[in-house]
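We count ligands from 1, going down the list as the structure has it; atoms in each ligand are counted the same way.
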Amino acid sequence: MAMIAHKCPQYKVTVVDINPDKIAGWNSDDLPIYEPGLCEIVKKTRGKNLFFDTDIGKGIRESEIIFVSVNTPTKTFGAGAGMAADLQYWEKTARQILQCSISSKIIVEKSTLPVKTALAMERILSSSDNRIQFEVLSNPEFLAEGTAIRDLENPDRVLIGSSQTENGLKARDELVEIYENWIPKSKIITSNVWSSELSKLVANAFLAQRISSINSISDLCEKTDADVGEVARAIGMDSRIGNRFLNASVGFGGSCFKKDILNLVYLCRSYGIHEVADYWESVVLINEYQKKRFVLNMLKAMFNTLADKKICLMGFAFKADTGDTRETPALYIAKELLAENARLVISDPRALQNAEKDLIDMDGDIAYIEDPYEAVKGCHAIAILTEWSMYADLDYRTIFNSMEKPAFIFDGRNIVDHQRLYEIGFNVYPIGKPPLSRI
Ligand code: UGA
């Protein structure tokens with residue numbers, strides 16, 4: 001919404017939320033989320049044509065177009081628990097829109113939703129006899145965290161799904177007009193509503209599938225002395241495969257991939273297509289396996305006992321350039337290491353507050369230290385879990401000197417110079433490459 005306000009000064013954009021703390025945060029200099037470049041855009045537009053408010057009724061009444069961006073987490077109760085999307089916030093919003101509206105509106109689905117959710121929205125919105133017309137469009141968001149501003153400014157594509165009726169196409173054209181303020185027409189694609197809803201789930205499933213594919217091969221590389229980086233480069237130069245999203249890692253995290261794939265799996269199961277469901281579910285299963293494997297490799301390398309050993313986790317965010325820790329592999333790894341009675345020092349330039357919240361219920365010895373040089377002091381091992389670029393450039397000789405010996409480094413992101421670290425004296429365990437170890 002900040003980007004729309006920034007690119008379209010002729011529109012007034014109001015963001016409403018039930019959480020007054022969040023709205024206060026958005027109205028302050030300390031925004032509720034860290035995203036490079038976002039603060040600058042918010043500061044430029046806030047109070048001019050971008051507003052943050054808790055008065056949802058007023059926001060609904062005064063708007064002609066409403067982007068619904070409520071969360072749709074994985075259901076934790078009842079039918080489909082652990083798989084299906086929890087649509088309660090979505091439905092409540094639909095009812096509130098109906099209750100507060102005094103004029104016709106275009107409703108845009110921004111949240112990621114199971115296919116056919118727009119139908120439920122339409123049914124709720126047409127359940128009253130107040131003669132107000134609502135047209136529901138699907139306009140999924142494809143931005144990635146950490147690069148959100150760049151992705152919004154220059155997206156690969158914008159997708160708008162509408163019903164193919166006269167009113168549907170008219171509403172679609174109004175939304176196209178907004179994006180045309182900064183995005184070339186060739187990149188704005190349109191479809192029917194169901195294709196648009198499904199494309200969002202499928203895009204995330206394909207992206208996650210690439211990571212699980214290369215991660216599965218990383219395991220085979222470790223067994224065969226092949227190097228996953230070399231394999232990724234060789235296959236990525238095939239233009240049909242492409243070279244992006246082929247970095248083997250400790251596993252993918254984030255609030256979307258797992259949730260969206262499970263949502264897709266649940267949809268397939270509910271239509272009785274279990275073979276297709278199993279196929280996509282395996283993407284998540286390989287990801288769980290990769291995280292588990294990482295901890296077992298640490299245990300094996302460190303003489304099958306981690307009890308009382310001090311281990312520094314470098315990075316807790318699910319990826320670099322964000323403070324977000326939702327579904328971060330680091331959380332699983334921290335819990336498994338604590339279960340082995342290891343002592344943990346967690347370091348991250350942006351995610352320490354969230355890490356503390358995530359681990360609040362855990363017993364055990366956990367310290368949170370932002371400065372990596374302080375964090376590693378007296379540690380037996382380092383596990384690099386987030387690809388923050390600063391971790392590639394640290395002075396590892398100084399770090400080595402301040403650690404217990406033998407010193408281990410487990411590079412869950414393959415971002416450090418393994419040969420150099422080995423020469424300094426570390427026992428080095430990358431992902432999908434032969435270890436460089438004296439043991
Ligand atoms: C993802 C998609 O990339 C966006 O297109 C989508 O809009 C978004 O989900 C969403 O549905 O909201 P995001 O979760 O922000 O974006 O981050 P990604 O860059 O996709 O990374 C996801 C995870 O995969 C991270 O843990 C990252 O470290 C990991 N990853 C990524 C790898 O392990 N290897 C890679 O080669 C790439």
Open item on the list: Under a 4.0 Å threshold between the charged nitrogen and the carboxylate oxygen, would Lys377 count as salt-bridged to Asp371?
Closed with: no
Residues 15-22 side chain polar contacts: donor-acceptor under 3.5 Å, at least two apart:
{"unit_1": "Asp17", "atom_1": "OD1", "unit_2": "Asn19", "atom_2": "N", "d": "2.8"}
{"unit_1": "Asn19", "atom_1": "OD1", "unit_2": "Asp21", "atom_2": "N", "d": "2.9"}
{"unit_1": "Asn19", "atom_1": "OD1", "unit_2": "Lys22", "atom_2": "N", "d": "3.2"}

Open item on the list: Less than 4.0 angstrom from a charged side-chain N to a carboxylate O is my criterion; do Glu340 and Lys309 meet it?
Closed with: no
Task: Sidechain N-carboxylate O distance under 4.0 Å for Lys200, Glu197 - done: no
Open item on the list: Under 4.0 Å between a side-chain nitrogen and a carboxylate oxygen: does that hold for Asp361 and Lys335?
Closed with: no
- [ ] With a 4.0 angstrom cut-off on heavy atoms, strictly below it, pick out the residues next to ligand 1 and order them by chain and number.
- [x] Glu141, Phe142, Leu143, Ala144, Glu145, Lys200, Asn204, Leu207, Ile211, Phe245, Leu246, Asn247, Ser249, Phe252, Gly253, Cys256, Phe257, Phe318, Lys319, Glu387, Arg413
Open item on the list: I'd like to know if Glu153 and Lys7 make a salt bridge, using a cut-off of under 4.0 Å between side-chain N and carboxylate O.
Closed with: yes
